[in-house]
Visitor: 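Below: one structure in structure tokens.
As the structure lists them, so they are numbered: ligands from 1, and atoms in each ligand from 1.
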Amino acid sequence: MAKVKSVFTCNECGASSPKWVGQCPSCNAWNTLYEAAVVPASTARAGRQYGVPASVRYLAEVTPEMIARIPTGISELDRVLGGGLVVGSVVLIGGDPGIGKSTLLTQAMATIGQSTHVLYVSGEESSDQIALRAQRLGLKGDRLRLLTENQVEIIIACAQTEHPQVIVVDSIQTMFTEFLQSAPGSVAQVRESAAQLVRFAKQTGTALFLVGHVTKEGTLAGPRVLEHMVDTVLYFEGDTGSAFRIIRAVKNRFGAVNEIGVFAMTETGLREVGNPSSMFLSRQGDAVPGSVVLATQEGTRPMLVEVQALVDQSHLTNPRRVCVGLDTNRLAMLLAVLHRHAGIATFDQDVFVNVVGGVRVMETAADLAILAATVSSLRNRPLGKDLIAFGEVGLAGEVRPVQRGQERIREAAKLGFKRALVPTANMPKKGDVGIELLPVRRLTEALEILQ
Ligand code: TYD
Ligand code: MG
């Protein structure tokens, strides 16, 4: 293969320079030059001649083939993938180091390996380490082919002789291509290595899993730079301190986004959690002030989580507003609404709000629960353990409907809750749903009910 030269291109204006400089000579931006491979024009255009039309067709003439899917044997992972691994698709799994990416893929590949041909490429761990992990997970590795290698060209050559249907590359940050001189893990290497692997996967119809570490200082050399190249992006979240792990689809060409899968990390690997609500709601003892259960929705799945608030007198000029698992700006806005429309002031109070279990709730349906918990803590009055709440609160003090209200109500009834504070517009049309519904139009109505 011809030696490929590298150039440095500016991320801002696209100008290129033969060597690295701190300031882009063209647009004067600082520190925007990154190494990239130059593909000679002759190879880039090989086989393609100007004047020869590609086949242009009407959309209606194209009959897509049925998408074939391979079940991974882990139903929570199948769910986030949109119903199994699509043959020939490229999936990026991102997450902090040590969160469990290798564990999940080893478990999934051991199952997939029973029916198809799998090649697991590790650039981080030795074969011994992988074997030890598999042993600990109680997996039979008799059908899993293993390769420990860092160079993309060798991996592709190996894949050409092995003909796997699924390849796992763990992790893309440890891979390098001989095209570039920069060190493995640099943006250019990550991007170019991934591009070569993706090209190979697409040409041969191989499904490809790329593992990417999210770097500490932002996500520069991390999976972010690859998101546009792949079909599906999954992020693995969760506190390394707690056992819960959530895998979330943030991009999926073959399924819904925001779908989540819930796992618990145990002694023997990742265990699926089929009913996350019961896990996040480990409420024992009497009802306490400042706690309320929120019916939230993640993808197609309703989930009950506990929202806790602590409101305490502040000695600071700027009282603190701290959120864990929620949006801090949204909290500031909600406290303003609370003051303006319900006359409840918190300007001399520190407000802390937390979602129990390390869950992250970013939807506006949490508004009503956040305010209910805040007011409950401020008044030092518990809300009762049988209550759930959801609803968006607008700037005019109105309570707005949220999507999939019925599913949330049903989930709460299923788990034995007795009362639900819901937006009036989310009231079910049909009669009894097995739970007392408290419909509210305005924030003030909600606060009256919670008196
Ligand atoms: P790993 O999959 O190696 O993380 P990643 O590939 O995302 O960097 O998982 C590492 C952590 O998981 C490690 O701290 C140990 C823990 N673990 C368990 O608790 N139980 C297990 O059975 C396994 C295999 C790992
Ligand atoms: Mg790993």
Visitor: Hey, is V211 touching ligand 1 through its side chain, its backbone, both or neither, going by heavy atoms under 4.0 Å?
Guide: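 For V211, no heavy atom sits under 4.0 Å from ligand 1.
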
Visitor: So does K418 have more than 12 non-hydrogen atoms from other groups sitting under 6.0 Å from NZ?
Guide: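 Open.
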
Visitor: So, T232 versus N252: side-chain donor-acceptor pair below 3.5 Å or not?
Guide: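 A donor-acceptor contact under 3.5 Å links the two side chains.
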
Visitor: Output, by chain and residue number, all protein N/O/S atoms separated from the Mg ion (ligand 2) by less than 2.8 Å.
Guide: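 Only S102 OG fall inside 2.8 Å of the Mg ion (ligand 2).
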
Visitor: Can you check which of E125, R136, K101 brings a heavy atom nearest to atom 21 (C) of ligand 1?
Guide: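 Residue with the shortest heavy-atom distance to the ligand atom: R136.
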
Visitor: Looking at residues at least two apart in the chain, or sitting in another chain, which of them share a side-chain hydrogen bond (donor to acceptor under 3.5 Å, both in side chains) with K414?
Guide: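 So K414 forms a side-chain hydrogen bond (donor to acceptor under 3.5 Å, both in side chains) with E411.
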
Visitor: Could you check atom 6 (O) of ligand 1 against the protein and tell me its nearest heavy-atom contact, residue, atom and distance included?
Guide: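 Looking at atom 6 (O) of ligand 1, the protein heavy atom closest to it is S102 OG, 2.5 Å.
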
Visitor: Hey, is the main chain of A372 close enough, under 3.5 Å, to the side chain of S376 for a donor-acceptor pair?
Guide: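 Pair absent, no side-chain N/O of S376 close to backbone of A372.
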
Visitor: Is a salt bridge present between K251 and E227, judged by a nitrogen-to-oxygen distance below 4.0 Å?
Guide: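 Salt bridge flag = no for E227 with K251.
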
Visitor: Is atom 18 (C) of ligand 1 close to the protein, meaning a heavy atom under 4.0 Å from it?
Guide: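 There is a protein heavy atom less than 4.0 Å from atom 18 (C) of ligand 1.
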
Visitor: Just wondering, more than 12 heavy atoms not from R253 lying within 6.0 Å of its CZ?
Guide: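 Correct, the count exceeds 12.
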
Visitor: What protein heavy atom sits nearest atom 2 (O) of ligand 1, and how far away is it?
Guide: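 Heavy-atom neighbour on the protein nearest atom 2 (O) of ligand 1: T103 OG1, 2.6 Å.
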
Visitor: If you measure every N/O of G100 against every N/O of ligand 1, is any gap under 3.5 Å?
Guide: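 Yes, at least one N or O pair falls under 3.5 Å.
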
Visitor: Hey, is CZ on R145 packed in by over 12 heavy atoms from elsewhere, all under 6.0 Å?
Guide: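 It does not: R145 CZ has 12 such atoms or fewer within range.
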
Visitor: Of all the non-hydrogen atoms in the protein, which one sits nearest to atom 3 (O) of ligand 1, and at what distance?
Guide: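 For this ligand atom, the closest protein heavy atom is R133 NH2, 3.0 Å.
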
Visitor: Under the side-chain hydrogen bond (donor to acceptor under 3.5 Å, both in side chains) rule, collect the residues that match up with R410, sequence neighbours excluded.
Guide: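 R410: no side-chain hydrogen bond (donor to acceptor under 3.5 Å, both in side chains) contacts found.
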
Visitor: Identify, by atom number and element, the atoms of ligand 1 in contact range of T268, meaning under 4.0 Å from any of its heavy atoms.
Guide: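 Here the atoms of ligand 1 in question are 22 (O).
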
Visitor: Quick one: list whatever passes side-chain hydrogen bond (donor to acceptor under 3.5 Å, both in side chains) with S89, sequence neighbours left out.
Guide: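 None.
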
Visitor: Hey, which atoms in ligand 1 end up nearer than 4.0 Å to a heavy atom of L137?
Guide: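 With L137 as reference, the close atoms of ligand 1 come out as 22 (O), 24 (C).
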
Visitor: Does any donor atom in the side chain of T177 or E153 lie under 3.5 Å from an acceptor atom in the other side chain?
Guide: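 Indeed, the side chains of T177 and E153 share at least one donor-acceptor pair under 3.5 Å.
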
Visitor: So, are R408 and E363 salt-bridged, with charged N and O less than 4.0 Å apart?
Guide: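 Yes, this pair counts.
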
Visitor: Backbone or side chain, does any N or O of H213 fall under 3.5 Å from an N or O of ligand 1?
Guide: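 No, there is no polar N/O contact under 3.5 Å.
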
Visitor: Can you sort out which atoms of ligand 1 are near T266, meaning under 4.0 Å from one of its heavy atoms?
Guide: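 So the atoms of ligand 1 that pass are 18 (C), 19 (O), 20 (N), 21 (C), 22 (O).
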
Visitor: Crowded around R321 CZ? As in, over 12 foreign heavy atoms under 6.0 Å?
Guide: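 More than 12 within 6.0 Å, yes.
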
Visitor: Any idea which protein heavy atom is nearest atom 22 (O) of ligand 1, and the distance to it?
Guide: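 In this structure, atom 22 (O) of ligand 1 has G269 N, 2.7 Å as its nearest protein heavy atom.
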
Visitor: With heavy-atom distances below 4.5 Å as the criterion, would you say the side chains of V152 and F200 are in contact?
Guide: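 Not touching, per the 4.5 Å side-chain cut-off.
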
Visitor: Tell me: protein heavy atom nearest atom 16 (C) of ligand 1, and distance?
Guide: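 Heavy-atom neighbour on the protein nearest atom 16 (C) of ligand 1: M265 CE, 3.9 Å.
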
Visitor: Between P97, G98, G95, A264, flag the one that comes closest to atom 11 (C) of ligand 1 by a heavy atom.
Guide: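 That would be G98.
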
